[in-house]
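Fair warning: this is a prediction, and the values are worked out from it, not measured in the lab.
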Amino acid sequence: SNEATGHVIYKVSPTDGTSTATLGMLTPTLTLVLETAIQANILNTKATAKGCSSCATAFDALKFETAMYAQTGGTNYVIFAGAARMETDGTSYPAIFKVHADRADFTAANGAGTEMYLDDTTVRVESICEGAVDPKQGRLTTITTLTMRGSYGYAGTSGRDDSSPHRSACIFMFSLDFTEDATDGPI
């Protein structure tokens, strides 16, 4: 929730198993402000490049496991984290999705957020953190905890696959004011 205003930001995965997930905002008295489909444009680009043009709009496109409130540069955000589906076989990679938490900005964004993915490209989960060497490095990991200090966020990972020989976990540090620039990623 937005700790400054009391608004609640949430994500819903539809129970029908086919509809696109939605982001919503409630007032402090739990009255609906807006509920709209998630717009994950970077995820769409990455998934389409991997042959899955429908991944970004699938009901399980973004599987969030945790969220936190953050304020940076005078702007309020809710940052969700978990994993994002990027391949037709269901392969997912760690993901962070930052949305505006002020009413006017949330409404104007209409489901869009600032995205960061730790997929098998240049920004990825290394084998030392995943506990396994894998050709699709990162697919065995999700982000399960978030915290912040100052202008940085910290994302803790956990394993998603019991078949790994051993499990490691890491904490990734990232700037709270990250953008979708190709060079932004964990520090």
Ignoring hydrogens and angles, tell me if any N or O in the side chain of [X] forms a donor-acceptor pair with the backbone of [Y] under 3.5 Å.
X	Y	value
Thr66	Ala81	no
Ser13	Asp60	no
Ser158	Gly156	no

Nearest-0.5 Å distance, [atom1] of residue [X] to [atom2] of residue [Y]:
X	Y	atom1	atom2	answer
Ile42	Asp119	CD1	CG	11.0 Å
Cys55	Leu62	SG	CG	10.5 Å
Glu87	Tyr93	CD	OH	4.0 Å
Lys11	Phe97	NZ	CZ	10.0 Å
Leu26	Asn2	CG	CG	12.5 Å
Leu34	Leu23	CG	CG	9.0 Å

Least distance between heavy atoms, [X] atom then [Y] atom:
X	Y	value
Thr157	Thr141	CB-CG2, 3.4 Å
Arg149	Tyr154	N-CE1, 3.9 Å
Pro14	Ser19	CG-O, 3.4 Å
Lys98	Ile79	CG-CG1, 3.8 Å
Arg85	Ala58	NH1-CB, 4.1 Å
Thr88	Gly51	CG2-O, 3.6 Å

Find out whether [X] and [Y] are in side-chain contact, i.e. whether some heavy atom of one side chain is under 4.5 Å from a heavy atom of the other.
X	Y	answer
Phe174	Leu146	yes
Glu115	Leu43	yes
Met86	Ser92	no
Tyr10	Glu35	yes
Thr75	Asp177	no
Val33	Phe106	no
Phe59	Thr18	no

* For the pair His100 and Tyr77, evaluate side chain to side chain contact (heavy atoms under 4.5 Å, CB included) and give the outcome as yes or no after the intermediate values. => CA-CA 5 Å; His100 286 280; Tyr77 296 98; 3.7 Å; yes
* According to a 4.5 Å side-chain heavy-atom criterion applied to Ile, Leu, Val, Met, Phe, Trp and Tyr, with indirect links allowed, do Met148 and Phe178 form part of one hydrophobic cluster? ->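 Looking at the clustering, Phe178 is in the same group as Met148.
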* Decide side chain to side chain contact (heavy atoms under 4.5 Å, CB included) for Val78 and Met25; before the verdict, give the C-alpha distance in whole Å, the side-chain angles of both, and the deciding distance to 0.1 Å. => CA-CA 11 Å; Val78 170; Met25 177 183 267; over 6 Å; no
* Under the side chain to side chain contact (heavy atoms under 4.5 Å, CB included) rule, what do Ile143 and Glu65 come out as? Steps first, then yes or no, please. => CA-CA 7 Å; Ile143 296 171; Glu65 308 233 9; over 6 Å; no
* To do: Quick one: sort the Phe64 and Phe80 rings into parallel, tilted or perpendicular, breaks at 30° and 60°.
  => parallel
* Establish, from distance only, whether the side-chain atoms of Lys63 and Thr142 form a donor-acceptor pair under 3.5 Å. =>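 Note: Lys63 and Thr142 side chains miss the donor-acceptor criterion.
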* **For Asn76, the option from Asp105, Thr5, Asp102 that meets side chain to side chain donor-acceptor pair (under 3.5 Å)** =>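 Filter result, single survivor: Asp102.
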